[in-house]
Amino acid sequence: MLTIKGLHNPLTGAIHQQAIEERKRPLPELTLADFLAFKRTGDRAAYEQAYFARRRQLSVFGTAWLLDPTEDNSAALADILWSVCQEPTWALPAHFFKADGDGLKAPGAFASFLDLFAAETGQTVAYLLAAAQDHLPLELTAWVRYELQRRIFTPFLTQDWQWLYRHNNWAAVCSGSIGMAALSYYSDQSPELGKILAKVSVGMQNFLAGFGPDGASEEGIDYWAYGFGYYIYFAAQLARQTGDNHYLSAPKVKLIARFPYAASLFPGYYVKFGDTPTRTPDLPSGLLSYCTRHLGAPLPAPIHYSALDKNGRFAVLLHNLAWTDETLPTTPLAAETTLATVSWRLSRRKDWALASKAGNNGVSHNHNDIGSWELLTSTMPVVTELGSGEYTRDYFDDHKRYQLLEPRSLGHSVPLINGHEQIAGVGARGTLQTPAADETIIDYAAAYPSAARVVSLTRTFLTRTNMILITDTTEFTTAENSFSEVLILPTMPLRIPGQDNCWQLAADWQLQVSAGGQSVVEKLTTQDHLGQSYHVFRLRITYQFGKTGRVMLQLSLPQTSAQRHEEDNNA
């Protein structure tokens with residue numbers, strides 16, 4: 001086990017203080033009405049708010065005891081373990097009812113259902129039981145052991161879980177959590193441990209299969225931290241206890257560890273394609289430290305201790321405490337990065353960065369966004385990706401998902417062609433080429449349905465010191481066509497007086513578009529990942545074409561005389 005008793009660092013004091021505050025708060029109740037709300041109305045917020053508050057108490061009281069096993073901390077830990085083991089299920093209703101529409105077909109179905117959070121809870125409970133069992137009442141430890149068998153180990157071994165075969169974070173989080181729970185619960189010679197680890201291996205291999213040779217993740221930086229974090233936490237515990245380090249020595253692991261560096265637009269500022277909740281996530285400091293110290297991954301930004309996350313993940317907090325190293329050096333970002341397996345191209349300059357993507361519309365946490373792009377400064381977006389919206393029932397219903405702003409193509413800076421948005425599915429795809437350091441070409445006609453009447457569609461990005469030129473070239477099957485350029489903007493675009501087809505955007509950037517288009521600006525209200533409302537603006541510029549059409553978008557920053565002189569000298 002990781003030894004943190006008596007540890008002193010910037011995070012330990014915060015945990016001790018949080019434990020004092022949490023002991024003053026009543027444990028939130030998990031009500032039947034909130035539990036059934038997802039099934040009845042699609043709402044998941046009320047139940048999850050209470051559920052994760054309970055997990056935060058479990059993690060805080062658990063780590064406080066590991067740091068300082070006093071009587072007060074022992075009592076708090078015993079009470080929270082008692083309460084958590086009384087819950088009807090450790091899974092979330094949003095996962096339970098989606099997997100089993102009836103939800104009540106078999107007695108005990110609630111308790112034996114394994115999702116991300118049931119597995120995480122099992123890992124936490126098993127670890128704390130192993131560490132503190134000599135300090136807890138015998139009646140409690142016997143019951144906790146029974147609950148771990150009933151809720152985690154027996155259902156894992158006796159059922160074939162779909163997430164074992166996914167190539168995304170579910171495979172690693174669920175498998176890794178159950179593997180860590182088993183390592184904490186069973187002796188090294190136990191035949192049950194061997195059976196569990198063999199099945200865990202299936203999930204871990206499938207998780208690795210979701211990454212290409214460059215180690216990139218189509219799920220984005222947050223899900224990278226989630227899935228790869230649990231992969232590493234399990235692999236490290238297995239190596240410590242058994243000497244088996246094959247998960248850590250797999251060649252692809254070092255490449256996956258580099259993803260935060262590759263996906264950085266600026267230090268601490270990441271690409272926001274797909275269901276990425278935030279552009280500036282507080283990535284686990286323990287995981288980043290481990291990736292740098294043991295896997296040779298370059299650091300894009302300095303490391304600082306990460307606190308307990310909003311979902312109260314114990315494994316993340318424990319490894320932040322044990323592994324964080326704030327002295328590790330950073331590495332400057334490259335001017336250009338191409339991640340071929342996810343079809344991303346990142347161009348970085350001193351004052352701005354551009355990210356574009358191709359790929360396909362059938363990926364995990366998919367958005368219909370082939371050809372999408374975003375332009376940012378080091379402090380704000382200019383043309384933006386929205387990332388993930390609020391997770392509701394409709395958000396994960398394939399029949400309704402692409403009516404919502406964030407996943408649909410009208411929530412991205414991609415064209416609307418003859419009134420048609422992009423479609424979902426692996427067949428809706430685009431190819432990315434990088435013929436030069438300053439040029440990116442995306443061929444993405446296949447992202448649109450046949451009703452859009454598109455024969456060919458290419459988007460070309462050319463970058464200069466303070467200018468980006470984007471050209472869409474289209475060929476149609478018919479002679480009369482409409483083509484709408486769409487830009488998703490964080491601020492209201494303003495027409496520049498006296499300059500035709502020219503708009504003022506955020507951070508002093510200007511947009512000039514091809515003549516002949518009809519423009520409209522829509523103010524949209526949506527909800528972010530946490531359910532908070534905000535506004536975004538959609539600029540739509542519509543052109544009427546014959547059998548072919550071309551639109552040019554020029555984005556530029558007004559240059560100072562010194563910048564013009566520097567560019568002239570470099571010409």
Side-chain angles (χ1 to χ4, degrees), residues 265-266 269 271-272 278-280 347 349-356 369 371-387 389 405-406 408-417 421 459-472 482-528 532-544 549-564 567:
L265 292 168
F266 294 97
Y269 215 57
V271 174
K272 205 178 180 186
T278 177
R279 194 179 300 285
T280 55
S347 300
R349 301 296 182 265
K350 178 182 177 182
D351 299 315
W352 56 268
L354 172 73
S356 58
D369 60 353
S372 192
W373 57 283
E374 54 179 0
L375 169 65
L376 306 100
T377 71
S378 60
T379 58
M380 69 177 70
V382 180
V383 177
T384 191
E385 283 283 290
L386 302 180
L405 178 64
E406 289 79 12
R408 70 187 301 177
S409 71
L410 271 175
H412 300 272
S413 298
V414 298
L416 180 74
I417 304 177
E421 299 181 55
R459 170 165 280 184
T460 301
F461 298 85
L462 291 174
T463 57
R464 298 293 185 265
T465 301
N466 280 318
M467 189 269 286
I468 300 164
L469 182 63
I470 302 172
T471 305
D472 275 324
S482 69
F483 184 98
S484 299
E485 288 288 3
V486 174
L487 282 82
I488 304 299
L489 307 170
T491 60
M492 171 74 81
L494 301 174
R495 286 191 181 273
I496 298 177
Q499 298 187 46
D500 292 340
N501 310 309
C502 201
W503 301 79
Q504 184 68 53
L505 306 183
D508 294 327
W509 279 82
Q510 294 179 1
L511 168 68
Q512 184 172 355
V513 303
S514 297
Q518 298 297 313
S519 303
V520 62
V521 177
E522 303 162 277
K523 182 178 181 181
L524 308 172
T525 301
T526 187
Q527 286 73 44
D528 65 16
Q532 302 298 312
S533 294
Y534 71 100
H535 300 298
V536 68
F537 299 88
R538 182 165 57 204
L539 172 60
R540 228 193 290 202
I541 310 165
T542 301
Y543 298 84
Q544 302 303 317
R550 174 174 292 185
V551 180
M552 300 180 70
L553 309 176
Q554 179 178 300
L555 296 108
S556 57
L557 272 175
Q559 289 181 300
T560 65
S561 58
Q563 288 170 330
R564 285 192 295 270
E567 190 163 282

**Student:** Is any side-chain heavy atom of Val383 closer than 4.5 Å to one of Leu511?
**Tutor:** no
**Student:** Taking the side chain as every heavy atom from C-beta outward, state whether Trp352 and Thr463 have any pair of such atoms under 4.5 Å apart.
**Tutor:** yes
**Student:** Taking side chain as C-beta onward, heavy atoms only, is Leu405 less than 4.5 Å from Val536?
**Tutor:** yes
**Student:** What is the distance from atom OG1 of Thr377 to atom CG of Asp351, rounded to the nearest 0.5 Å?
**Tutor:**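 With rounding to 0.5 Å, OG1 (Thr377) is 8.5 Å from CG (Asp351).
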**Student:** Listed by chain and number, what are the side chain to side chain contact (heavy atoms under 4.5 Å, CB included) partners of Ser556, not counting sequence neighbours?
**Tutor:**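 In terms of side chain to side chain contact (heavy atoms under 4.5 Å, CB included), with neighbours along the sequence ignored, Ser556 is linked to Met467, Gln510, Gln554.
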**Student:** When rounded to the nearest 0.5 angstrom, what distance separates CH2 in Trp509 from CG in Asn466?
**Tutor:** 6.0 Å
**Student:** Could you please spell out the steps behind the side-chain contact (heavy atoms from CB on, under 4.5 Å) verdict for Thr491 and Leu505?
**Tutor:** CA-CA 7 Å; Thr491 60; Leu505 306 183; 5.7 Å; no
**Student:** Using the side chain to side chain contact (heavy atoms under 4.5 Å, CB included) definition, which of the options Val382, Val271, Leu265, Leu354 pairs with Leu376?
**Tutor:** Leu265
**Student:** Closest heavy-atom contact between Glu385 and Asp369?
**Tutor:**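 The pair with the smallest heavy-atom distance is OE1-OD2, 4.2 Å.
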**Student:** Just jot down the side chain to side chain contact (heavy atoms under 4.5 Å, CB included) partners of Thr278, sequence neighbours excluded, or say none.
**Tutor:**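 Here the qualifying residues are Asp222, Thr280, Pro281.
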**Student:** Quick check for you: to the nearest 0.5 Å, what is the distance between Gln504 atom CD and Leu494 atom CG?
**Tutor:** 7.5 Å
**Student:** List for me each residue that meets side chain to side chain contact (heavy atoms under 4.5 Å, CB included) alongside Ser378, sequence neighbours excluded, and say none if there are none.
**Tutor:**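 By the side chain to side chain contact (heavy atoms under 4.5 Å, CB included) rule, Ser378 matches Phe266.
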**Student:** Do Pro381 and Tyr269 make a side-chain contact, defined as non-hydrogen atoms from C-beta onward lying under 4.5 Å apart?
**Tutor:**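 Heavy-atom side-chain distance check passes, below 4.5 Å.
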**Student:** With rounding to the nearest 0.5 angstrom, report the NE2 to CG distance, His412 to Leu386.
**Tutor:**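 One gets 7.0 Å once the value is rounded to the nearest 0.5 Å.
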**Student:** Give me the atom names and distance for the closest heavy-atom approach of Tyr543 to Gly517.
**Tutor:**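 Closest pair (atom of Tyr543, atom of Gly517, distance): CE2-N, 3.3 Å.
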**Student:** Which ring pair (Phe, Tyr, Trp, His ring centres under 6.0 Å) pairs, counting each pair once, include a residue from residues 488-507, with sequence neighbours left out?
**Tutor:** none
**Student:** Would you say the side chain of Met552 lies within less than 4.5 Å of the side chain of Leu469, judging by non-hydrogen atoms?
**Tutor:** yes
**Student:** Restricting to pairs with a member in residues 514-528, which pass side chain to side chain donor-acceptor pair (under 3.5 Å), not counting sequence neighbours?
**Tutor:** Glu406-Thr526, Glu522-Arg538, Glu522-Arg540, Thr525-His535, Gln527-Ser533
**Student:** Just to verify, what does Arg279 make a side chain to side chain donor-acceptor pair (under 3.5 Å) with, not counting sequence neighbours?
**Tutor:** Glu374, Thr384
**Student:** Identify the two heavy atoms, one from Pro493 and one from Phe537, that lie closest to each other, and give their separation to 0.1 Å.
**Tutor:**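 Heavy atoms only, the tightest pair is CD-CB, 4.2 Å.
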**Student:** Side chains of Leu416 and Glu421, heavy atoms from C-beta outward: is any pair under 4.5 Å?
**Tutor:**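 Side chain of Leu416 against side chain of Glu421, heavy atoms only: contact under 4.5 Å found.
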**Student:** When you compare the side chain of Val513 with that of Glu485, does any pair of heavy atoms fall below 4.5 Å?
**Tutor:**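 The answer is no; the side chains never approach within 4.5 Å.
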**Student:** Can you tell me how far CD of Gln512 sits from CG of Leu553, rounded to the nearest 0.5 angstrom?
**Tutor:** 10.5 Å
**Student:** Determine whether Leu489 and Val521 make a side-chain contact, defined as any pair of heavy atoms from C-beta on separated by less than 4.5 Å.
**Tutor:** no
**Student:** Working to the nearest 0.5 angstrom, can you tell me the gap between Ile488 CD1 and Ser413 OG?
**Tutor:** 5.0 Å
